[in-house]
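Single-structure report; data block below.
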Amino acid sequence: MPVGPRPPDVSIVGFEGPLDLLLELVEEKKLDIFTMRLGDLADEYLARVRRMAVLPADEVSAFLYIASRLVLLKARSLLPSLTPAANDEELDTEEELRLRLIEYATTKGRAEALGDRMRAGERAFHREGGTVELPPKGGDPDALAAAWLKVMALTRRTQEDVEVPGERYSVEQRTAEIEALMAERPKVTFATLLGDRPTLGYAIVTFIALLDLYRRLAIDITQDELFGEIRIERKVQRMEGLTE
Amino acid sequence: MTRSAVAAAVEAVLFVAEKPVSRAELARTIGAGAKAVGEALGELEEWYRGTGLRLQHEGDDWQIVTAPEMAPHVATYLGADRLRLSSAALETLAVVAYRQPVTRAEVESIRGVNCDQTIYTLMSRRLIAELGRREAPGSPFEYGTTWEFLECFGLASLDALPTVLSPEGVRSEDERVPSP
Amino acid sequence: MTRSAVAAAVEAVLFVAEKPVSRAELARTIGAGAKAVGEALGELEEWYRGTGLRLQHEGDDWQIVTAPEMAPHVATYLGADRLRLSSAALETLAVVAYRQPVTRAEVESIRGVNCDQTIYTLMSRRLIAELGRREAPGSPFEYGTTWEFLECFGLASLDALPTVLSPEGVRSEDERVPSP
C-alpha cells in the first residue's frame, strides 16, 4: 500500500534530515569536522540511507543528494585527476559541504539552547490590563478586520497542513470519473484505477466509489484469489440507465 | 538591596492579575505561608515608595496600580484617541466579533492558542460579554460583543463590521471553521 | 533611594500600556526628551534586577513583563499552558531567530529539509511572523521572530539570545553561511 501523508513535525528515524545524519556520523566516529575527509563517510552514509526504505520519495531524494556528493568527493580523493568542471567548483567542493555542515551543527546547538529554555519554562508574561477602568474608545474597525483576516489565514494554513496535502477527492467526483472511464472501457483492474503512485486517501476514495457503483448494480467486481487482481466489469444496461 | 524571593513572586503575580488578589490566594499560588505573604506585601509597599507604582488594597484584596502622582502621564497616554489592546486581545476580539455567539473553546480552536487571558481582558473592558450558556455538553458560555464595542469602534450595528475577504477571495461569512 | 521622576513616569505609563511602547511615544507622553527617557529606561532595568519584573524590548519598543524566574508562579495563577515544540520546529526557530530576516529558502538551505510545516507551526503559535517581501527574484517573504517569542523564551531582547559555540569553539556569530 502506498505511503500516506507523513504526520507533521515528526523527525525521520531519529534524524531531522540529511545534514543531521551526516553530522551524526561525524560525531559517532569522533572525527574533527574541520579536517576530516567527508568522502570517507560515503559508504557508511549510503548504508544508513539504504535502511530508510520507508521514507517518501521526495525525502529520500534529499538524502540521496548528499550521498551522491559524498561519493563524488570520495571518487575525487581516489582519482585526483578527476577535477570538477570549472563552473561546478563553487557548488561542489568539499569546503562548501563542510561549511554547510558546520552551519547546521551551529543551528542544532542553538536549537538545543532554545529547547533548554523552553523546557525550563522560564518565560515572561505581559499585563493584559484590567486595572484601568476608563471606557475604551477609538477602536479601529480596519485593524479589527485585519486581525480577523490574519487569524483566518493562520487557521487555514494549519488545517491544510494537517489534512492530506495536494489533491483531495470526493467519492462523488471519483465515482463520476470511474463511470466516465468505464463508459469507454468495459473492463478495468483496480490497479489501473489507482495509477502509479496513489496516496492512501486516493486509494480509499477509489475503493469507496467502487463499492458505491457495485451497490448501484452498475458494475461487477471479481477477484480470483486472495490478494489477487481485482477486476471491475461494467454492467451495460445499468450503466446507460445511470448516465442518462 | 534585592527583594525577598516571596516579594518578587507576589509582585509578578499581582502584575499579571487583572483584579485584586486575596492574600490567601497569593499564598496558595506561590506556595508560601500567609505570614510570609503578609511580610512580602509590606516589603513591596515600602519599595514602591517614590516609584511609578503603588500597592493598593481593599480589605485583604491586593492590587498593583499606578502612583496617583503619575495620573497626568497615565491620562495623557490612555487619553490619546486610540484603543490600546495587545495584538492577542485584538485577534480574540476579532474572532468574537465575526463569529458570535462563540464559546471559549471555539475561539481557542480558531486562534490555535489559549485565550483565557485575552477573554478576561476584553470582558473587563466591557468589549465582550457572556451571552448565556450553549445547550451542549458542558454547557459552555457563549460570548458576543457589547454595546460598548459598537460605540468604541464607531459601528452603527454589527452589520457595519468591515467585510473581510478570505485569502481566496471568499466572503468570510461563508467560511466554516471546524468545531473543536 | 528614589527613582528619578522620569523613570517613575515611564514606569507608570508602561504599566498601563497593554503593548510595547516606543521610546518616542514615551517621550511625547511624559513630555521629556528622548535622551532622558533612554536613561530612565536604563534606570528601570537596573532597579528591576532581583524583583518580580523586568524590562523587555525589541528594537525601540519597550514593555514591562514578569521576570522569567517567576514563571512557575505566574503560570500557576494564570493557568497557562507550557509551550511545546518539536525538535524540528526548534531548529527552524533557531535559524529564524539568529538569522532574521530570513527567507524560507534560506531556512531550508541551512536545515537541508523542507520547512513548510515547521514555519506554519511557528507562525500559528505567533513565534515568528512574515516581516515583508524581500526585493529579490520571486519576492519571497522574509521571516523574523515576534514579541511573543521574546516573552515565551524569557529573553529581555534579541541581544539576550543564548550564545552558542560552534563545533570548534568559535563563537557562532563569527561564522558566515554560504548563500543558498
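By convention in this document, chain letters (A, B, ...) are assigned in the order of the sequence lines, proteins followed by strands, and residues within each chain are numbered from 1. Just so we're clear, the structure is a prediction, and the values are computed from it rather than from any experiment. Every heavy atom of this structure was used, including side-chain atoms; hydrogens, water molecules and symmetry mates were not.
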Is Ala9(B) in contact with chain C via its backbone, its side chain, both, or neither, using a 4.5 Å heavy-atom distance?
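When you check distances to chain C, atoms from both the backbone and side chain of Ala9(B) fall under 4.5 Å.
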Pick one of side chain, backbone, both or neither for Arg111(B), based on which atoms fall under 4.5 Å of a heavy atom in chain C.
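Both parts, heavy atoms under 4.5 Å.
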Quick one: of Asn114(B), Leu14(B), Val10(B), Val113(B), who has the most non-hydrogen atom pairs under 4.5 Å with chain C?
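Max contact count across the listed options: Asn114(B).
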If I compare all heavy atoms of [X] with all of [Y], which pair ends up nearest, and what's the gap?
X        : Y        : value
Glu11(C) : Gly52(B) : OE1-N, 2.8 Å
Thr66(B) : Ala12(C) : CG2-O, 3.6 Å
Gly50(C) : Ala8(B)  : O-CB, 4.2 Å

How long is the gap from OG1 on Thr76(B) to CD on Glu25(C), to the nearest 0.5 Å?
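Rounded to the nearest 0.5 Å, the OG1-CD separation comes to 11.0 Å.
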State the CH2-OG distance between Trp147(C) and Ser86(B), to the nearest 0.5 angstrom.
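It is 12.0 Å, given to the nearest 0.5 Å.
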Between [X] and chain B, which part of the residue has a heavy atom less than 4.5 Å away: side chain, backbone, both or neither?
X        : result
Ile64(C) : both
Glu69(C) : neither
Val65(C) : backbone

Please rank Leu26(C), Leu53(C), Val74(C) by heavy-atom pairs under 4.5 Å with chain B and give me the top one.
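Counting heavy-atom pairs under 4.5 Å, the top option is Leu53(C).
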Just give me the residue among Arg125(C), Glu148(C), Arg126(C), Met70(C) that pairs up with chain B most often, heavy atom to heavy atom, under 4.5 Å.
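The answer is Arg126(C).
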Side-chain heavy-atom pair Leu78(C), Val16(B) within 4.5 angstrom cut-off:
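Touching, per the 4.5 Å side-chain cut-off.
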When you compare the side chain of Tyr77(B) with that of Val21(C), does any pair of heavy atoms fall below 4.5 Å?
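They are in contact (side-chain heavy atoms under 4.5 Å apart), so the answer is yes.
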